[in-house]
Amino acid sequence: MAPSRTTEIYPPELTAAESDQLLSSIKDWTIANGLAVRPLPSLVSAEADPHGILATTAPVTLFPSPFPRICFEQAKSIQRAYNQLYASIAQDEEFLQGIVEEILEVDDFIAELWRVHLNVKEEGYVQNLSLGLFRSDYMVHQATQDSTPAIKQVEFNTIASSFGGLSSKTSKLHKHLSVVDYTVLESPISSAELDLPRNESIGSLASGIRDAFTTYKQGETIHDCCVIFLVQDPERNIFDQRHLEYDLQQHESPVPVFRLAFSEVLSKTTIADTPRRQLLYQPPSSPTKLFEVAVVYFRAGYGPQDYPSPDAWKARLQIERSNAIKCPSILTQLAGAKKVQQVLATPISHSAPSILTRFFKDSPAEIENLSKTFTNIYPLDDSPAGQEARKIALDPERCKSYVLKPQREGGGNNTYRSAIPPFLRSLPESHWKSFILMELITPPPVRNLILRNGVIEKGGVICELGIYGTCLWDQKSKEVLYNEEAGYLLRTKGDTSEEGGVAAGFGSMDSCRLV
Ligand code: ADP
Ligand code: MG
Ligand code: MG
């Protein structure tokens, strides 16, 4: 008797004709619906695309990956508490200062961010509202084959949390394929067999920006208001951003959105000479029309590569000291440092009272739910936990279950397993404290097929679930004006790759088939 596919052979083995049919459906649907990226320059020569007009299918799985329903629900249900936690951390300058001061002298990027904050603080912040478009990332952890799976947090992103635009589309792609393509395979999958959760990340993330925009406009304004998407240039993942922009502009009360390269902030924006310090933007196509920037949404500026000169830091200062609502502010960006995640998680493994009591005084249930998602993370400083971590990191056997992370974002920055001891030894010991050492999460094996650059890769995969959250709060009064869970991202990579970033070329877009 053939084994039941739902438990054993999912996704099904495909014949060559079936692969071709799926590929044909996917490559057309993705372009027709904007599940796309600009092509890698190394794959398309300047001669073939002299004007940079080509787009291509984003890396994507052929089938939605099975994902434990209990874990999906757990991750979604905890998002509003995570939003609240990170809003509270961003409001807690003393807490952040303690963390930043530990790594200032060995991490110039963090030091420079902190300096911008101190400069604005000295002058006095004019905008108290702060917007977070967050994403909390998890992998499934299952201690033994028979135990209940649970989620463990990989990291929490507070700046440029990407793929919310493409992830809604990926859910829709898999839903579309389930209507006909999956049902006509030799081992057909009926759409009733697939529990595909809705994913409205585009609308939900845009709602967060729209809410900040509307709140800003309720105050006194001197020009028509707009939102700025602050971006890298060139940007291959542009359609991901465009989907949010289109949602904002196509709404019944449209929000004007302009894209601005981070390198052009100083030439295209000014600060009004008023006590309110409005940020003014002049669109290049209109020499006379000025807009007042209500919200600056950062899709750039999260790493040193965007700050090649002192002018880039001047640009960051210009935005931070302005009246625009920042998504994120410097303090919110710093709240997302991996060192913060480590400080939150470390006491769990050392039986001290959780630092979470600082942020959730009267909510032991909240603290328990959040703590359950932590895995072991160590500092590499002089503390007892740090001393223990140094032993692990330099041990050729024990290091194999760990990843070493610097205070950086965007993928490609970590050191894994056996590469950790030689890497650490290549650095002065005084620099080690700017890293954290994290236990690797090893999710149960899953199989899938990934379409990348027109070629299908097949085999074991590792899935990472991200839950988006939007939060608007007042830094001074600590009032939270808006706090919502905002859809999900499933990213999947081959199980031989350590990194999972789609933009960095390792991962692919996916959606959940709840099991
Ligand atoms: P970044 O901010 O650069 O995205 P991450 O902490 O998300 O940094 O690490 C990048 C990738 O490394 C993740 O997407 C994941 O694939 C892998 N990774 C990071 N931490 C862990 C971990 N504790 N267990 C397993 N994989 C991890
Ligand atoms: Mg990150
Ligand atoms: Mg990440």
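At a threshold of 4.0 Å, the pair Asp108-Arg115 does not count as salt-bridged, since none of the basic side-chain nitrogens sits closer than that to a carboxylate oxygen. Of the charged side-chain nitrogens involved, none lies within less than 4.0 Å of a carboxylate oxygen, so that Asp306 and Arg316 do not count as a salt-bridged pair. Between Asp233 and Arg259 no salt bridge is recorded (no basic side-chain N to carboxylate O distance below 4.0 Å). Salt bridge absent: Lys326 and Glu320 never bring a charged side-chain N and a carboxylate O closer than 4.0 Å. Between Arg408 and Asp107 there is a salt bridge, since at least one side-chain N of the basic residue sits less than 4.0 Å from a carboxylate O of the acidic one. Using a cut-off of 4.0 Å between Lys/Arg side-chain N and Asp/Glu carboxylate O, Glu235 and Arg242 are scored as not salt-bridged.
Between Phe258 and Tyr281, the angle of the ring planes lies from 30° to 60°, which puts this pair in the tilted group. A tilted orientation is assigned to the rings of Phe109 and Trp313, their planes being inclined by 30° to 60°. The aromatic rings of Tyr246 and His243 lie perpendicular to each other, with more than 60° between the two planes, well past the 30° mark. Ring planes of Phe262 and Tyr307: perpendicular class, angle over 60° (limits at 30 and 60°). The aromatic rings of Phe156 and Phe134 sit tilted relative to each other, their planes meeting at an angle between 30° and 60°. Note: Tyr378 and Tyr402 have tilted aromatic rings, judged against thresholds of 30 and 60 degrees for the angle between ring planes.
The closest side-chain donor-acceptor pair between Ser201 and Ser168 falls under 3.5 angstrom. Residues Glu123 and Asn119 bring no donor and acceptor atom of their side chains to less than 3.5 Å of each other. Tyr216 and Glu292 form a side-chain donor-acceptor contact under 3.5 Å, judged by distance and modelled atom types alone. Side-chain N/O atoms of Gln282 and Ser286 include no donor and acceptor closer than 3.5 Å. For Trp473 and Gln475, the side-chain atoms include at least one donor-acceptor pair closer than 3.5 Å. At a cut-off of 3.5 Å, with distance as the only test, no side-chain donor of Glu200 or Ser204 sits close to an acceptor on the other residue. Between Ser309 and Asp311, the side chains place no donor N or O within less than 3.5 Å of an acceptor N or O (distance only, hydrogens not considered). Side chain to side chain, Gln97 and Glu101 meet the donor-acceptor criterion of an N or O pair below 3.5 Å. Donor-acceptor pairing under 3.5 Å is recorded for the side chains of Thr373 and Tyr82.
With a 4.5 Å cut-off on side-chain heavy atoms, Asn83 and Thr470 do not count as touching. In this structure, the side chains of Lys169 and Met509 stay at 4.5 Å or more apart for every pair of heavy atoms.
The CG atom of Asn414 sits 9.5 Å away from the CE atom of Met438 when rounded to the nearest 0.5 Å. Atom CG of residue Leu290 and atom CD of residue Gln278 lie 11.5 Å apart, to the nearest 0.5 angstrom. Here the NZ-CZ distance, from Lys493 to Arg452, works out to 11.5 Å after rounding to the nearest 0.5 Å. Separating the OH atom in Tyr138 from the CG atom in Leu465 is a distance of 8.0 Å, to the nearest 0.5 Å. Note: Leu133 CG to Leu205 CG = 5.0 Å, rounded to the nearest 0.5 Å. Atom NZ of residue Lys339 and atom CD1 of residue Ile103 lie 7.0 Å apart, to the nearest 0.5 angstrom.
Counting only distance, with no hydrogens or angles, the side chain of Thr158 and the backbone of Thr332 share a donor-acceptor pair below 3.5 Å. Checking side-chain atoms of Asp137 against main-chain N and O of Glu155 turns up no donor-acceptor pair under 3.5 Å. When atom types are taken as modelled, the side chain of Lys152 and the backbone of Lys372 share a donor-acceptor pair closer than 3.5 angstrom. No donor-acceptor distance shorter than 3.5 angstrom exists from the side chain of Ser511 to the backbone of Ser167, with no hydrogens or angles considered.
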Subject >> Verdict with reasoning, Gln84 to Ser88, per side-chain hydrogen bond (donor to acceptor under 3.5 Å, both in side chains) >> reply: CA-CA 6 Å; Gln84 174 69 60; Ser88 302; 3.3 Å; yes

Subject >> Criterion side-chain hydrogen bond (donor to acceptor under 3.5 Å, both in side chains) on Ser207 and Glu484, from CA distance to verdict >> reply: CA-CA 10 Å; Ser207 277; Glu484 298 294 335; over 6 Å; no

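In summary, of the residues considered (Leu489, Asp240, Asn157), a side chain to side chain contact (heavy atoms under 4.5 Å, CB included) with Ser162 occurs for Asp240 alone.
A cation-pi arrangement is absent between Lys217 and Phe213, since the terminal nitrogen or guanidinium carbon is not both under 6.0 Å from the aromatic centre and inside a 45° cone about the axis.
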